[in-house]
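Here's the structure, in structure tokens; my notes come after.
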Amino acid sequence: MKKTIYSQEILLQPDCGIFKKEFAELNKNDHSKMLSNKEKLSKLCWDGMLPEILPEICEINDNGKCLTLWEINETGKLLDLRFGEFEIPIDNLFSINPFIIITNSGLN
């Protein structure tokens, strides 16, 4: 029987209202006050806080665990998060990132 391999891509807009409220940081230091909204959200994601902030959008594998964050791609106003059970590149043809879609549309 084939094992299902889970991967997920999430686009977040840091200026969205839900991310404007203050979240407790795991390792709070004085440098975090100088970070932009996007940098703070990126740090929260790397610290593994996204499943606590938005549990309804985080994919769960067969073992009942959240997927691991492997990559964050930053664009002008978006964070493109790539999750998986292990690090495998998501095929850009299946990406939901609008900048990748526009780039790939020229290939058709």
Side-chain angles (χ1 to χ4, degrees):
M1 181 174 174
K2 268 189 164 178
K3 182 181 181 324
T4 303
I5 299 173
Y6 291 92
S7 65
Q8 181 181 24
E9 183 179 22
I10 299 174
L11 285 180
L12 297 178
Q13 183 182 17
D15 295 331
C16 181
I18 193 168
F19 300 121
K20 290 196 179 190
K21 55 184 173 173
E22 294 292 320
F23 294 105
E25 296 179 27
L26 293 179
N27 298 316
K28 193 167 188 158
N29 57 31
D30 293 332
H31 299 296
S32 64
K33 293 179 183 175
M34 295 185 222
L35 300 176
S36 69
N37 253 5
K38 184 164 56 167
E39 292 168 331
K40 286 180 185 177
L41 181 57
S42 179
K43 185 177 179 334
L44 283 172
C45 291
W46 280 122
D47 288 344
M49 300 295 291
L50 189 64
E52 292 181 29
I53 298 169
L54 296 169
E56 58 275 354
I57 66 168
C58 294
E59 186 76 31
I60 305 289
N61 65 13
D62 291 336
N63 299 330
K65 294 183 180 181
C66 291
L67 300 178
T68 303
L69 176 64
W70 291 104
E71 182 179 4
I72 296 180
N73 297 312
E74 294 186 26
T75 63
K77 297 206 179 247
L78 296 173
L79 289 176
D80 181 8
L81 310 175
R82 297 190 177 202
F83 292 86
E85 291 182 293
F86 51 90
E87 188 174 10
I88 55 170
I90 294 176
D91 189 352
N92 285 339
L93 292 174
F94 301 108
S95 177
I96 61 172
N97 186 327
F99 298 104
I100 294 174
I101 292 171
I102 289 171
T103 303
N104 287 337
S105 68
L107 302 175
N108 289 334

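All values below were derived from every heavy atom in this structure, side-chain atoms included, with hydrogens, water molecules and symmetry-related copies excluded. Numbering of residues begins at 1 and proceeds along the displayed sequence.
Within the model, atoms CG of L41 and CG of L35 stand 11.5 Å from one another, a figure rounded to the nearest 0.5 Å.
In terms of hydrophobic clustering, with Ile, Leu, Val, Met, Phe, Trp and Tyr side chains grouped at heavy-atom distances under 4.5 Å, L54 and I60 are assigned to different clusters. A continuous path of ILVMFWY side-chain contacts below 4.5 Å connects W46 to M49, so both sit in one hydrophobic cluster.
Taking every heavy atom of both residues into account, F83 and L50 meet most closely at CZ-CD2, 3.8 Å. Taking every heavy atom of both residues into account, P51 and C58 meet most closely at CA-SG, 3.6 Å. Shown here for L78 and P14, the closest heavy-atom pair between the two residues is CA-CD, 4.4 Å. Contact record, R82 with N73: NE-ND2, 3.6 Å, taken as the closest heavy-atom pair. Taking both residues in full, the closest heavy atoms of D15 and K77 are given as OD2-NZ, 4.4 Å, listed atom of the first, atom of the second, then distance.
Residues forming a side-chain hydrogen bond (donor to acceptor under 3.5 Å, both in side chains) with E39 (at least two apart in sequence, or on another chain): S36. The salt bridge (Lys or Arg N to Asp or Glu O under 4.0 Å) test applied to E74 returns K38, not counting sequence neighbours.
Between L69 and L81, some side-chain heavy-atom pair lies under the 4.5 Å cut-off. Contact check for L12 versus C45: side-chain heavy atoms found under the 4.5 Å cut-off.
Checked by atom type and distance alone, the side chain of E59 never pairs as donor or acceptor with a backbone atom of Q8 at under 3.5 Å.
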